[in-house]
Amino acid sequence: MSIFITGGAGFIGSNFVLDWLEQCNGTVINLDKLTYAGNLDNLMSAKNNKQHIFVKGDIADSALLCKLFTEYRPRAVINFAAESHVDRSILDPKIFIQTNIVGTFQLLQSVQAYWNNLEKMAKDHFRFLHVSTDEVYGALVADDPAFQETDSYKPNSPYSASKAASDHLVRAYHHTYGLPVLTSNCSNNYGPYQFPEKLIPLVINHALTGKPLPIYGNGLQIRDWLYVKDHCSAIRRVLERGKPGETYNVGGYNEKTNLEVVRTLCTILDELRPRADEKSYQAQIVYVNDRPGHDRRYAINATKIKNELGWEPTETFDSGIRKTVEWYLANSNWVSNTTNDHYQHWLEKQYS
Ligand code: NAD
Ligand code: TYD
């Protein structure tokens with residue numbers, strides 16, 4: 001039986017599709033609007049795989065969703081599609097409201113209409129999995145305990161507020177209509193195919209192209225980093241074993257300050273691709289204005305997914321970050337194709 005995923009040409013979605021095709025049976029229908037963040041190059045290795053069906057489209061397009069659900073009869077829908085970058089949400093929040101809130105609502109409407117008409121057994125087995133973020137919980141300070149599923153939502157950025165709203169809609173469709181939903185709230189991901197606007201790929205790209213490595217504020221903000229393949233395995237586990245109506249936190253137990261992350265990247269690059277002048281890439285670090293409303297710390301308590309579903313990350317930060325740098329070094333064409341005019345325009349806007 002097939003699964004239907006949205007946003008599968010983005011960073012996490014494309015990693016998920018590639019892993020799924022490698023490890024699981026059944027067709028994947030992949031609906032993606034191909035915004036600036038969607039990139040079919042990510043899926044090049046699946047180009048001739050008949051188990052992968054790509055459709056360009058919007059999660060808010062009910063007629064298209066109805067047609068695709070009727071044609072492919074998926075046993076599950078996994079929603080990765082979103083606007084995902086906090087800085088963009090600060091500069092221009094409107095599309096975040098449209099895609100993350102209105103789009104998720106439209107998708108839920110379409111899924112519910114499809115699910116309502118399934119036969120009893122298919123209806124019982126069907127799942128809608130909503131991929132969300134730990135940022136919905138707000139910010140922690142120094143010794144606060146890590147986020148738990150029972151914590152209340154306190155989103156601070158337009159991005160996290162729009163994701164929080166979508167999580168609430170998903171929850172409401174379970175509570176009100178009985179739709180068998182699952183939600184995962186994950187910490188910061190890193191790995192192959194991440195658009196170089198996010199910290200880790202941006203720093204690698206800027207280092208190699210001789211640009212400044214921008215640290216917002218003092219660089220002491222903390223994020224809990226998870227290698228993207230571990231996130232994909234967590235989503236598969238939640239899909240197969242999660243209890244409808246439940247939410248699951250997913251994290252890597254890798255709390256690092258931004259400064260630590262950037263210095264680690266510089267050290268690995270110094271070793272693998274030393275600068276011509278033999279100085280460390282750390283010489284390119286610059287401190288820039290802080291992000292407005294910058295969340296101080298995120299940390300995930302992932303004991304529920306471990307105890308109830310038996311999932312744990314396999315990658316350490318040291319192994320994952322090295323693999324990531326190696327991937328970007330080996331895929332400089334992917335990076336240069338991605339960092340086109342639109343991207344240059346974004347960087348100019350960001351720092352103007
Ligand atoms: P991304 O920005 O790399 O990819 C998003 C994808 O969604 C793109 O391919 C884009 O074209 C597509 N898309 C956007 N609007 C669409 C629409 N209206 N209809 C159909 N497709 C649309 O994002 P990502 O980092 O891969 O994140 C995927 C999901 O995981 C998001 O929901 C995000 O909130 C969540 N998440 C991300 C992280 C992270 O660290 N990146 C962490 C936790 C959760
Ligand atoms: P980011 O990758 O944008 O993810 P998020 O905002 O969702 O956590 O940023 C990770 C951290 O790195 C965040 O604290 C902001 C910081 N940051 C910088 O210091 N410089 C940068 O150029 C970027 C993009 C992020």
Side-chain angles (χ1 to χ4, degrees), residues 5-16 30-40 42-43 55-61 64-65 78-90 95-96 98-100 102-104 106-107 130-136 139 156-157 159-160 162-163 166-167 184-191 193-203 205-206 211-226 228 231-232 234-235 249-251 256-259 261-262 285-291 294-298 300 347 350-351:
I5 83 157
T6 71
F11 162 49
I12 303 172
S14 60
N15 275 286
F16 184 86
N30 179 359
L31 177 85
D32 195 297
K33 191 178 167 187
L34 295 181
T35 67
Y36 78 93
N39 185 351
L40 287 178
N42 301 5
L43 298 161
V55 181
K56 184 177 176 189
D58 194 316
I59 53 169
D61 185 343
L64 175 63
L65 287 165
I78 309 177
N79 183 30
F80 291 94
E83 289 293 332
S84 68
H85 190 35
V86 173
D87 292 325
R88 285 180 191 260
S89 82
I90 293 168
I95 187 66
F96 286 73
Q98 176 55 37
T99 291
N100 299 359
V102 180
T104 304
Q106 298 281 23
L107 177 63
H130 181 60
V131 179
S132 193
T133 167
D134 60 352
E135 303 191 24
V136 297
N156 289 320
S157 71
Y159 163 67
S160 54
S162 67
K163 290 296 291 187
S166 68
D167 292 10
S184 57
N185 293 92
C186 187
S187 59
N188 285 62
N189 284 214
Y190 66 100
Y193 303 116
Q194 188 167 32
F195 191 78
E197 62 186 352
K198 306 275 168 55
L199 180 70
I200 288 176
L202 181 142
V203 164
N205 182 36
H206 279 208
K211 295 198 188 99
L213 312 182
I215 305 275
Y216 298 168
N218 60 12
L220 298 182
Q221 302 81 12
I222 292 171
R223 298 291 181 264
D224 171 9
W225 294 95
L226 181 71
V228 64
H231 188 190
C232 294
I235 292 170
N249 282 353
V250 183
K256 306 275 172 209
T257 66
N258 294 337
L259 210 47
V261 170
V262 174
I285 291 178
V286 290
Y287 291 85
V288 299
N289 287 344
D290 207 352
R291 171 187 280 174
H294 199 167
D295 283 340
R296 178 77 183 177
R297 174 176 163 240
Y298 304 139
I300 282 276
L347 282 182
Q350 165 82 342
Y351 294 111

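Counting starts at 1 for both ligands and their atoms, in listed order.
Cation-pi geometry between R88 and Y36 is met: under 6.0 angstrom from the ring centre, within 45 degrees of the axis.
Near I215, meaning under 4.0 Å from any of its heavy atoms, are these atoms of ligand 2: 19 (O). Contact atoms of ligand 2 toward E135: 5 (P), 7 (O), 8 (O) (distance under 4.0 Å to a heavy atom of the residue). Listed by number with element, the atoms of ligand 2 under 4.0 Å from a non-hydrogen atom of P214 are 18 (C), 19 (O), 20 (N), 21 (C), 22 (O). Less than 4.0 angstrom separates some heavy atom of H85 from each of these atoms of ligand 2: 3 (O).
Here the side chain of N189 pairs no donor or acceptor atom with the backbone of V228 at under 3.5 angstrom. Using modelled atom types, one side-chain atom of D224 and one backbone atom of I300 make a donor-acceptor pair closer than 3.5 Å.
Considering backbone and side-chain atoms together, L199 places an N or O closer than 3.5 Å to an N or O of ligand 2. Some N or O of N188 is nearer than 3.5 Å to an N or O of ligand 2, by distance alone. In terms of polar-atom proximity, H294 is counted as a contact of ligand 2, with an N or O under 3.5 Å from an N or O of the ligand. For a threshold of 3.5 Å applied to N or O pairs, the pair formed by W225 and ligand 2 contains no separation below that value. Between N258 and ligand 2, a contact under 3.5 Å exists for at least one N or O pair. The N/O atoms of Y216, backbone and side chain alike, include one that comes under 3.5 Å of an N/O atom in ligand 2. Distances between N or O atoms of V86 and those of ligand 2 include no value under 3.5 Å.
Protein residues having a heavy atom under 4.0 Å from any atom of ligand 1 are G7, A9, G10, F11, I12, D32, K33, L34, T35, A37, G38, G57, D58, I59, F80, A81, A82, S84, T99, V131, S132, T133, Y159, K163, C186, S187, N188, N189, listed by chain and number.
When non-hydrogen atoms are compared, ligand 2 lies under 4.0 Å from the side chain of R223 (C-beta onward) but not from its backbone.
A donor-acceptor contact under 3.5 angstrom links the side chains of E135 and Y298, judged on distance only. For the residue pair H130 / T104, no side-chain donor-acceptor distance below 3.5 Å is found, with atom types taken as modelled. A donor atom on one side chain and an acceptor atom on the other are found under 3.5 Å apart for N185 and D167. No hydrogens or angles considered: nothing links the side chains of S187 and D134 as a donor-acceptor pair under 3.5 Å.
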key: Evaluation steps, side-chain contact (heavy atoms from CB on, under 4.5 Å), between D295 and Q221   = CA-CA 7 Å; D295 283 340; Q221 302 81 12; over 6 Å; no
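A distance of 6.5 Å separates CD1 in I5 from CD1 in I78, rounded to the nearest 0.5 Å.
The shortest distance between side-chain heavy atoms of L31 and L64 falls below 4.5 Å. Using a 4.5 Å heavy-atom threshold, the side chains of D87 and R291 count as touching.
Taking the side-chain contact (heavy atoms from CB on, under 4.5 Å) definition, one finds that A37 meets it with T35, sequence neighbours left out.
When the heavy atoms of R291, E197, R296 are ranked by distance to atom 3 (O) of ligand 2, first place goes to R291.
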